**Q** 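One structure, as structure tokens, below. Some questions next.
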Protein chains: 4
Amino acid sequence: MFAKFLNLNPEKQDRILNAALKEFAQKGYQNASTNEIVKEAEISKGLLFHYFKNKKDLYLFLHNHFLDIFMEEIHKKINWSEKDIFERYRDIARLKFEVYQKYPEMFNFIKNVFTEDAAEVKVDMDRRKQEILSKGYKDLFGDIDTSKFKEGIDVERAINIIFWTMEGFSNRYHNKLDALQLELINIDELIAEMEFYSEVLRQGFYK
Amino acid sequence: MFAKFLNLNPEKQDRILNAALKEFAQKGYQNASTNEIVKEAEISKGLLFHYFKNKKDLYLFLHNHFLDIFMEEIHKKINWSEKDIFERYRDIARLKFEVYQKYPEMFNFIKNVFTEDAAEVKVDMDRRKQEILSKGYKDLFGDIDTSKFKEGIDVERAINIIFWTMEGFSNRYHNKLDALQLELINIDELIAEMEFYSEVLRQGFYK
Amino acid sequence: MFAKFLNLNPEKQDRILNAALKEFAQKGYQNASTNEIVKEAEISKGLLFHYFKNKKDLYLFLHNHFLDIFMEEIHKKINWSEKDIFERYRDIARLKFEVYQKYPEMFNFIKNVFTEDAAEVKVDMDRRKQEILSKGYKDLFGDIDTSKFKEGIDVERAINIIFWTMEGFSNRYHNKLDALQLELINIDELIAEMEFYSEVLRQGFYK
Amino acid sequence: MFAKFLNLNPEKQDRILNAALKEFAQKGYQNASTNEIVKEAEISKGLLFHYFKNKKDLYLFLHNHFLDIFMEEIHKKINWSEKDIFERYRDIARLKFEVYQKYPEMFNFIKNVFTEDAAEVKVDMDRRKQEILSKGYKDLFGDIDTSKFKEGIDVERAINIIFWTMEGFSNRYHNKLDALQLELINIDELIAEMEFYSEVLRQGFYK
DNA sequence: CATGAATGAGATTTCATTCAT
DNA sequence: TATGAATGAAATCTCATTCAT
């Protein structure tokens with residue numbers, strides 16, 4: 001399917017990928033302009049459609065591509081021997097924000113799968129959302145140590161609560177930065193604040 | 001600003017409002033077509049731009065308008081004498097899903113403030129998001145009874161956790177319905193499941 | 001459907017119609033360029049699509065329009081009291097070639113219904129072809145005097161033979177003109193030559 | 001001119017020829033895509049244009065090629081000792097429809113010379129049409145027995161009438177099949193119906 | 001001989017907005 | 001107030017043809 005593209009010299013591949021990434025990340029699927037992409041990538045209009053049969057295919061390819069890169073990064077850098085859910089979360093959060101610092105556009109682009117509502121790609125993205133949530137979840141938290149939870153507590157639901165708390169906290173942090181138009185995250189400060197929430201939850205749920 | 005529009009005969013106001021609501025809710029800001037709106041509202045193109053100087057203004061006006069209606073609804077129907085946070089949440093959740101059942105388009109439209117990424121309206125929507133979250137929060141949960149929480153717990157953060165849990169749970173429910181292409185919500189079932197989460201949280205946070 | 005267009009001031013209607021007619025007649029459906037049409041008609045690109053929702057609709061409208069004009073012309077100018085099939089044919093042929101002289105593009109355009117094979121309009125044109133052939137035939141030759149034919153002859157088939165002969169003759173004449181790149185027809189010469197064929201057929205089929 | 005191509009190994013020649021035939025027959029000159037042709041023939045874009053300097057040349061070459069094949073077939077299979085024009089026509093008609101059954105694409109392609117109106121090839125095709133009609137005619141009917149015609153009849157014109165009748169009949173049959181979306185021809189039924197027309201003509205023109 | 005990446009003009013269609021009436 | 005004709009830039013995508021390798 002995309003063999004043609006992958007045979008291309010890597011420098012040009014990169015130019016195309018990054019141009020598309022930037023455009024989609026900033027404007028969303030619908031608003032992104034293939035014209036802008038080719039201009040930024042410095043290729044001809046025809047060439048883009050030589051490699052990707054239409055805008056949708058390009059978008060879907062990009063999504064796979066960068067998600068793969070992101071997941072690889074995660075799997076390499078997480079300390080998998082640490083089984084405590086709060087420690088694990090801290091590692092993941094730190095990594096996530098590091099990636100965001102380094103590749104904000106890539107991060108935004110991937111994140112957009114959760115908000116993209118252009119009819120054309122909605123179905124594919126919805127499927128993807130489900131996969132990421134369920135598979136991603138099992139991958140990342142399937143092996144945590146549940147023996148630390150209080151007797152009598154509904155562990156599965158407690159884990160969901162932890163999950164939602166961490167997500168909620170991250171999002172609020174993100175929003176705050178957006179609102180302040182800041183791009184620089186103080187990751188240590190973030191992790192410290194996160195730790196307070198972990199503490200509250202530990203108090204409530206752990207023995 | 002919109003005085004001209006508000007002087008218009010109410011029946012025509014309604015036609016315009018509902019046509020625009022439907023279009024924006026279904027297609028998002030960018031994708032919504034003013035052509036479709038005037039066709040549905042049975043007015044001329046010129047008239048729409050006579051009342052609203054551009055598409056963006058129309059969108060912003062609509063948002064204020066329907067959010068006001070929604071908040072009014074909430075304030076009228078909530079039992080404000082109940083000060084327990086979980087009870088309060090249950091009331092709000094029930095109301096939210098009732099509104100969704102009854103006016104899914106209005107609901108979707110308002111909700112879109114959180115996902116809209118069309119460059120033109122993004123800044124305004126981001127500001128709005130902050131307002132809703134902080135002001136809405138204080139409005140709805142400013143008076144709850146904090147004496148029920150365990151001694152030594154960080155109540156403010158605990159409340160945030162409760163908030164994110166309820167939001168996370170609602171969203172997951174919504175997504176599940178979307179994925180199953182269902183439109184009908186069994187509200188009692190939803191509330192019952194929500195109660196389980198409340199129970200876990202009560203166990204952890206309440207005396 | 002096309003009410004919008006028909007309300008337009010006639011001078012501009014004409015400019016659009018003639019520009020489109022010319023383009024379609026010369027290049028066929030597929031090859032005709034809406035860009036050329038708007039340029040020739042001196043209107044903006046958008047306006048064409050304000051009146052006709054797409055290229056296909058424009059084509060179909062044009063076809064109806066000019067065919068109507070053509071049929072009206074025929075019905076007005078034929079001497080309907082003459083019931084002899086050969087006389088009737090002579091009248092029609094003369095008229096046809098007069099129209100061709102006067103409006104060669106209109107003529108070519110209508111004729112193209114029989115050769116148009118662009119997938120998009122083929123189905124509609126095929127239906128039309130059937131209609132024209134069967135209805136047109138009945139209209140034009142439904143009332144001829146069959147008592148002149150020899151006893152024992154299969155009149156229906158004889159009429160078909162006359163029909164095909166006249167068509168074949170006309171086409172050959174047309175082709176010859178095309179090949180010689182002539183535009184001017186000597187109609188009297190044509191009719192005279194046609195008369196020879198009528199004579200052969202009369203000899204064979206009439207009492 | 002096409003020497004290069006004819007030196008190519010026959011299997012590849014065939015792949016190219018058939019791919020082009022199919023594409024042109026199905027879509028007409030203008031609509032046919034050289035992209036599709038190379039894909040179907042499994043050759044590179046460059047190679048096609050190495051052998052044929054452009055699309056038009058390919059089309060013209062194809063036309064010669066398949067017409068030659070078709071004419072050869074005719075000359076081999078007709079019973080040239082039968083000099084009665086109706087018998088000869090029956091043979092030719094039968095053969096034509098047999099070829100159509102067997103190679104509908106080749107048939108359609110050749111036939112298209114009569115309807116092709118893409119500006120680029122129109123002139124060449126018009127010239128070709130004349131050649132086929134006049135030369136083909138002499139080839140096929142130059143030796144028929146004219147002594148069977150009635151005294152006093154204009155034999156040359158009578159033959160034209162027979163010709164147009166048979167063509168007209170064939171075309172009507174074809175159109176009927178197209179309209180019914182049938183692909184299968186009942187050749188015997190067709191010949192039987194044709195015989196009725198022959199009978200009417202014999203009655204009129206033969207002694 | 002053979003490849004296939006590259007071109008870029010040109011295709012149809014949409015759209016928010018304006019303005020004369 | 002109200003109309004709806006008019007605009008034209010911008011959108012996505014196609015296509016025959018070239019050329020360096």
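Below, chain A is the first sequence line, B the second, and so on; all start at residue 1. Since this is a predicted model, take the numbers as computed values, not measurements. Note that these values count all heavy atoms, side chains included, but never hydrogens, waters or copies made by symmetry.
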**Q** Is it true that, when you exclude C/Tyr103 itself, more than 12 heavy atoms of the residues, nucleotides or ligands shown sit nearer than 6.0 Å to its OH?
**A**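 Counting neighbours around OH of C/Tyr103, 12 or fewer heavy atoms of other residues, nucleotides or ligands fall under 6.0 Å, so no.
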
**Q** So which one's nearest nucleotide on DNA chain F is more toward 5', A/Thr34 or D/Asn54?
**A** A/Thr34

**Q** Quick one: which of D/Lys55, D/Glu23, D/Lys39, D/Lys45 gives a side chain to side chain donor-acceptor pair (under 3.5 Å) with D/Thr34?
**A** D/Lys45

**Q** Counting heavy atoms from C-beta on, name the nucleotide in F/dA5, F/dA2, F/dA16 closest to the side chain of B/Leu8.
**A**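 Within the option list, the nearest is F/dA2.
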
**Q** Side chain of B/Lys55: nearest nucleotide among E/dT17, E/dT14, F/dA11?
**A** E/dT17

**Q** For the pair A/Leu58 and A/Phe49, evaluate side-chain contact (heavy atoms from CB on, under 4.5 Å) and give the outcome as yes or no after the intermediate values.
**A** CA-CA 9 Å; A/Leu58 170 60; A/Phe49 292 95; over 6 Å; no

**Q** Expressed in angstrom and rounded to an integer, what is the separation of B/Phe52 atom CZ from E/dT18 atom C1'?
**A** 18 Å

**Q** Where the side chain of A/Asn35 is concerned, which of F/dA11, F/dA5, E/dG4 is the nearest nucleotide?
**A**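 For A/Asn35, the side-chain atoms sit closest to F/dA11.
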
**Q** Any idea which of F/dT1, E/dC1, E/dA5 is nearest the D/Tyr51 side chain?
**A**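 Of the options given, the side chain of D/Tyr51 lies nearest E/dC1.
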
**Q** Between D/Arg15 and D/Glu11, is there a salt bridge with N-O shorter than 4.0 Å?
**A**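 Counted as a salt bridge, because a side-chain N and a carboxylate O are separated by less than 4.0 Å.
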
**Q** By nearest atom, which of the nucleotides F/dT1, E/dT17, F/dG8 is closest to the B/His50 side chain?
**A**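 Closest nucleotide to the B/His50 side chain: F/dT1.
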
**Q** For D/Tyr59 and F/dT17, what is the distance between atoms OH and C1' respectively, to the nearest whole Å?
**A**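 In whole Å, F/dT17 C1' lies 20 Å from D/Tyr59 OH.
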
**Q** Quick one: which of E/dT3, E/dA5, E/dT13 gets closest to the side chain of C/Phe49?
**A**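 Ranking E/dT3, E/dA5, E/dT13 by closest atom to the C/Phe49 side chain puts E/dT13 first.
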
**Q** Want to settle it: does C/Glu36 or B/Ala32 sit nearer the 5' end of DNA chain E, counting the closest nucleotide to each?
**A**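 Taking each residue's closest nucleotide, the earlier one in sequence belongs to C/Glu36.
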
**Q** Could you check D/Lys45 against C/Gln30 and say which one's nearest nucleotide on DNA chain E is further toward the 5' end?
**A**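 Residue closer to the 5' terminus by nearest nucleotide: D/Lys45.
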
**Q** Please name the nucleotide paired to E/dT21 by Watson-Crick or G-U wobble geometry with both distances under 3.5 Å, or report none.
**A**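 Base-paired to F/dA2.
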
**Q** Strictly by Watson-Crick or wobble contacts shorter than 3.5 Å, is anything paired with F/dC15, and which nucleotide is it?
**A** E/dG8

**Q** Of all the choices, F/dT12, E/dT12, F/dA6, which nucleotide is nearest to the side chain of C/Ser33 once you look at every atom?
**A** E/dT12

**Q** When the ring planes of A/Phe109 and A/Phe66 are compared, do they come out parallel, tilted or perpendicular, using 30° and 60° as the limits?
**A**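 Rings of A/Phe109 and A/Phe66: perpendicular, as their planes differ by over 60°.
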
